[in-house]
Amino acid sequence: MSSMLGNNEEHPVSESLLLFVEGELQGKEIAFVQAHLDACWDCRGKISKIETTITDFTEFEKRIWKFQTPSANFSDDFNSKLRALSAETKAQKKKEHRFFDFLKFYQNLSFSAKFANVLAFVVIVALLVSQFVLRTQKVSAAEILANADASEKTKSGEVFQPVINQKIQIKKKINGTETESFAVESWNDKLRLRQRLALLETDGRKLITENAIGKNKDEISAPLALDKVRKILRKNRMDAVQPLSANSFANWRNAANLTNETVEKSVSETGAEILSINSETAATSEKGLIVSAKFSVRSSDWHPVKLVINVQNESLETFEFSETDYQVISYKNLDAGILPSVETVVAVPNAEPLESANQSAKNELETKPDANSNTNLTNKSETAEPKILIKPETASSEDELEILRVLQNANADLGEQISVERRADGKISVSGIVENKTRRDELTKALQAVAGPQKVKINIRAVDELNRTKRAPNKSETIATEEIPETTAVPVDRELRSYFSKQGIGGTALNERIEGFSRQILGRSRRVSQFGWSLRKLAEGFSAKQVAEFTPEAKAKRNSLLLARVRDFRREAQGLRDDLQPVFGNLSGAAGVGKISSEQELREAVKRLAGVSRNLDEAVRGSFTLGNAPNAAAVGNASFAQTLKTAIGLAEQIENYLK
Amino acid sequence: MIFRRKNKHEQSIFNLGKVAAVELRAENAEKSQAELSIEDKIKHSFEQLNLPIFRYLAATFGDKIQAEEITQEVFLKLYQELSDGKNIENTKAWAFRVAHNLAVKQIKRLQFVQSFSDEAWTELEKTLDSKDANPEQNLLLKEKYRRLRRAVGRLTMQERQCLNLRTKGFRYREIAEMLEISSTSVAETLYRVIEKLADETNE
């Protein structure tokens, strides 16, 4: 390892500092490094960084390993396997004797008998191989559902504050004869976890009244037929508003006692290839339970197009849900009456103490006290404006910025779906979904430390709470997934292979290097995209007018938040460029972008940056993930290079403006 | 019933048979003793090494169930090797090497690897709550560990293996032998790992 040392005039190469710390150097080498360290602050700093990192990691590992132990029956399970193996080994040894006897017998056979045996063996092997090939070409039900779910998430991810808007034709059949047919439209707010349903009639759309959403004069109660369908869906753990989704079908499938399941291919009327999962459950006499279901997706984009369920009732009833329209729209573009903001809803279950106090005061003012005032509040809001006796304390812009700072420090503004909004009552609403309850609790605690309940309304939910009812996939599903043939190369595999081969990497190490490099690039690209969107949310969180009215302190605070994220963005984007440059070339430098000199220009630049970052991420994902065709490789072409340069140029200009 | 006294020749054959039977019984007893001792040896090795190997695999795979399965497979292979009469001098190094080879085979099927299980991470987070520290300090400490976890998750397979073998106490030369790379490569890889961890935590 002496080759790692530089000469006396130079710094030792960085690796030798690690070897020094690790005690892996020999006598003369130790003396050389020690002598250099005595004189060089820079290298002493590096040594300190190495030691600190080792200490941090060791401490972290020590702590986390306490909880990473094998399951309780691990040893017992092993001992039983060992016993079984021991018995099998003994039996095998006996068989070996028999096998040798057989070999002796085989050697004594005539040539024609031997030839017949070999031929039979070849035929059997060919049959097995053809069976295997046929099996691996099949797509499992679990894969269809996973892909359909991922497809919906991808579509939702492309829209800011996504709301899924779907139109479905529902048909009811009894013994094959159609008895009812109606169309519905649904809205599913993925961010706020709210849904709405409307009946589509010849004279237009009629919103169905929901308990949590105030009833307007244009709204109707759910008709009996729809109500019955929704009850059946709920009873079977399906989504009563958006039943035609992978998640809804998977909820039923996971809970149902399936006896048979097949996957079939077909072609739709429009010529699209359709993949359908046919699931059957054990026979039941309980009314309202689904006994069989067929869930169909388009194989081109895994989009669910049809669901058919057979329900056990007085007779066997069939319900067909066929999609007629689907789009993902932004909450901001949604008609305000469909999913009104929470603050405009008067009848809120589990209202806060302050709201209750207001409500009590308001009730006292009513000339005719109503015993059912709580349930009738919705109607009252249409006729009389409630008088607010207690003015709620409003949160200032500084409070809002402080909340944003806490979220940024915890990186909760990146991958997690946390939204910060100003409510009509002046409070700040922080809502969204995080990965688990612990994360939810820590964020809630940190937010409460900077702004009390008078100013901030926190509604953060954990994914594990939402998924509590989901069942883990069973073993057969796992096996089915493993049977899917591996896609062996990413679209840029040729370029990567060529580049790393020139560095002398080959064999298994080459595959590992390509895999590691792809993961590194995907990580960077994802962070670039996250920082871009976080920056946009921050910049657009306050209107230009609000920013103009900011105190100097608030303005400085906002700028520092923006600055932190734009620096993150630039660092990752430059990292992406530096990583890709040696392989693809032609990426160095930044594109010339106009200087930013006003708030308006800043907003436009940030908006452009967010769009550019998304395009970059899409290009990178298309090039570095399996399953894409070789021609999907966008990274490396001139357009990608220009986009990346523009991103870095924009980030530099935004940073200059904010400094 | 007529009893006939054995003649001299018959008697000697009878005695030989008795000797052979006694010898056969002794041989069988010896064999079963050898089988028993292999099982005992495996059980002993399993008790000594199952946890470090499981943790090495868990850190490599990030999947507790797979780590458990491979750990068991390692010791079942050890049983087979010993049963076949092979001599293994350094059981620890052999077991880690087999674990490594099995891991490499398994990992080819996976695209993304998480280092530490979500359950372990959740439990760790619970312990990080200190009554003395304020919520923001807690958050920063958790954020530091979260970054470390994320950084480990982004390491390449070779980086992850070098790091995890080093933390199990193997020297650079031993790691190099196990991974079939040079000691210089181990040093370069580990330095790269340190840089990545440091970059992530100092961001």
Side-chain angles (χ1 to χ4, degrees), chain A residues 1 3-4 14-19 22 24 49-50 52-54 56-58 60-61 63-71 74-75 77-79 81-83 85-86 89-90 406 409-411 436 438-439 442-443 445-446 448-449 482 486 508-509 511-513 515-517 519-520 523 568 626, chain B residues 35 39 42-43 46 50-51 54-55 58 64 67-68 71-72 75-76 79-80 83 104 108-109 111-112 116-127 134-136 138-140 142-146 148-149 154-159 167 171-172 181 183-184 187-188 190-191 194 197-198 201:
Chain A
M1 290 187 197
S3 60
M4 285 186 169
S14 301
E15 287 82 353
S16 64
L17 295 177
L18 175 65
L19 293 170
E22 294 271 64
E24 293 274 349
K49 182 177 151 188
I50 291 169
T52 307
T53 307
I54 290 172
D56 281 349
F57 181 73
T58 313
F60 166 66
E61 207 196 26
R63 286 184 181 219
I64 201 163
W65 279 138
K66 282 183 196 167
F67 309 108
Q68 191 113 342
T69 50
S71 49
F74 180 58
S75 295
D77 185 34
F78 171 73
N79 284 334
K81 281 182 183 171
L82 184 62
R83 273 196 300 277
L85 178 66
S86 173
T89 308
K90 284 169 192 167
V406 169
N409 280 349
N411 278 336
N436 55 40
T438 317
R439 176 75 169 159
E442 71 182 35
L443 280 175
K445 206 187 280 185
Q448 282 168 346
E482 284 178 354
E486 293 176 7
T508 316
N511 290 334
E512 285 180 4
R513 189 74 189 95
E515 187 191 328
F517 184 78
R519 198 163 44 232
Q520 180 181 332
D568 286 335
L626 298 177
Chain B
E35 291 290 343
E39 271 193 51
I42 297 300
K43 281 180 185 170
F46 182 79
N50 84 78
L51 209 53
F54 164 77
R55 286 176 173 168
K64 192 177 164 182
E68 284 184 359
T71 304
Q72 292 182 343
F75 289 96
L76 295 175
Y79 172 84
Q80 282 172 330
S83 294
V104 168
K108 276 183 184 171
R109 295 186 184 183
Q111 293 305 315
F112 301 102
F116 302 103
S117 70
D118 288 339
E119 293 83 8
W121 174 249
T122 309
E123 290 299 321
L124 171 67
E125 281 187 313
K126 283 181 192 167
T127 65
N134 69 35
E136 202 168 340
N138 273 337
L139 203 55
L140 290 173
K142 284 177 192 174
E143 186 56 25
K144 181 179 178 180
Y145 283 165
R146 186 173 291 121
L148 269 174
R149 184 191 183 211
R154 286 182 197 148
L155 297 179
T156 64
M157 196 45 61
Q158 184 168 305
E159 288 168 349
T167 56
R171 303 301 300 175
Y172 285 33
I181 54 177
S183 294
T184 311
E188 285 168 355
L190 278 172
Y191 185 75
I194 298 280
L197 298 184
T201 48

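So that the names make sense, note that chain A is the first sequence line, chain B the second, and so on, each numbered from 1.
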Any residue meeting salt bridge (charged side-chain N to carboxylate O under 4.0 Å, His left out) with B/Arg171, in chain and number order, not counting sequence neighbours: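 Here the qualifying residues are A/Glu24.
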Salt bridge (charged side-chain N to carboxylate O under 4.0 Å, His left out) partners of B/Lys144, counting only residues at least two apart: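 B/Lys144 satisfies salt bridge (charged side-chain N to carboxylate O under 4.0 Å, His left out) with A/Asp56 once adjacent residues are dropped.
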Please give me the minimum heavy-atom distance between [X] and [Y], naming the atom from each residue.
| X | Y | value |
| --- | --- | --- |
| B/Ala187 | A/Leu18 | O-CD2, 3.8 Å |
| A/Pro70 | B/Phe54 | N-CE2, 3.5 Å |
| B/Tyr172 | A/Glu22 | OH-OE2, 2.8 Å |

Toward chain B, the part of A/Ser71 with a non-hydrogen atom under 4.5 Å: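 Both the backbone and the side chain of A/Ser71 come within 4.5 Å of chain B.
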Contacting moiety of A/Ser75, where chain B heavy atoms sit under 4.5 Å: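 For A/Ser75, backbone and side chain are both near chain B.
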Residue among B/Glu143, B/Lys43, B/Glu68, B/Gln158 with most heavy-atom pairs under 4.5 Å to chain A: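 Max contact count across the listed options: B/Glu68.
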Interface residue of largest heavy-atom contact number with chain A, from B/Thr167, B/Leu190, B/Thr122, under 4.5 Å: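 The option with the most such pairs is B/Thr167.
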Portion of B/Leu76 that has a non-hydrogen atom of chain A nearer than 4.5 angstrom: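 For B/Leu76, backbone and side chain are both near chain A.
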Engaged part of B/Ile194 at the chain A interface, taking heavy atoms whose separation is under 4.5 Å: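 Contact with chain A involves both backbone and side-chain atoms of B/Ile194.
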Heavy-atom donor-acceptor pair, B/Arg154 side chain to A/Arg519 backbone, under 3.5 Å: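 Pair absent, no side-chain N/O of B/Arg154 close to backbone of A/Arg519.
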A side-chain contact here means heavy atoms from C-beta on lying under 4.5 Å apart; do [X] and [Y] qualify?
| X | Y | value |
| --- | --- | --- |
| B/Thr156 | A/Glu515 | no |
| B/Phe75 | A/Leu82 | no |
| B/Asn50 | A/Phe78 | no |

Parallel, tilted or perpendicular: ring planes of B/Tyr145 versus A/Phe60, cut at 30 and 60 degrees: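 Ring orientation of B/Tyr145 relative to A/Phe60: tilted.
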Winner by heavy-atom pair count (cut-off under 4.5 Å) against chain B, out of A/Lys81, A/Arg83, A/Lys49: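 When all of A/Lys81, A/Arg83, A/Lys49 are compared, A/Lys81 has the most.
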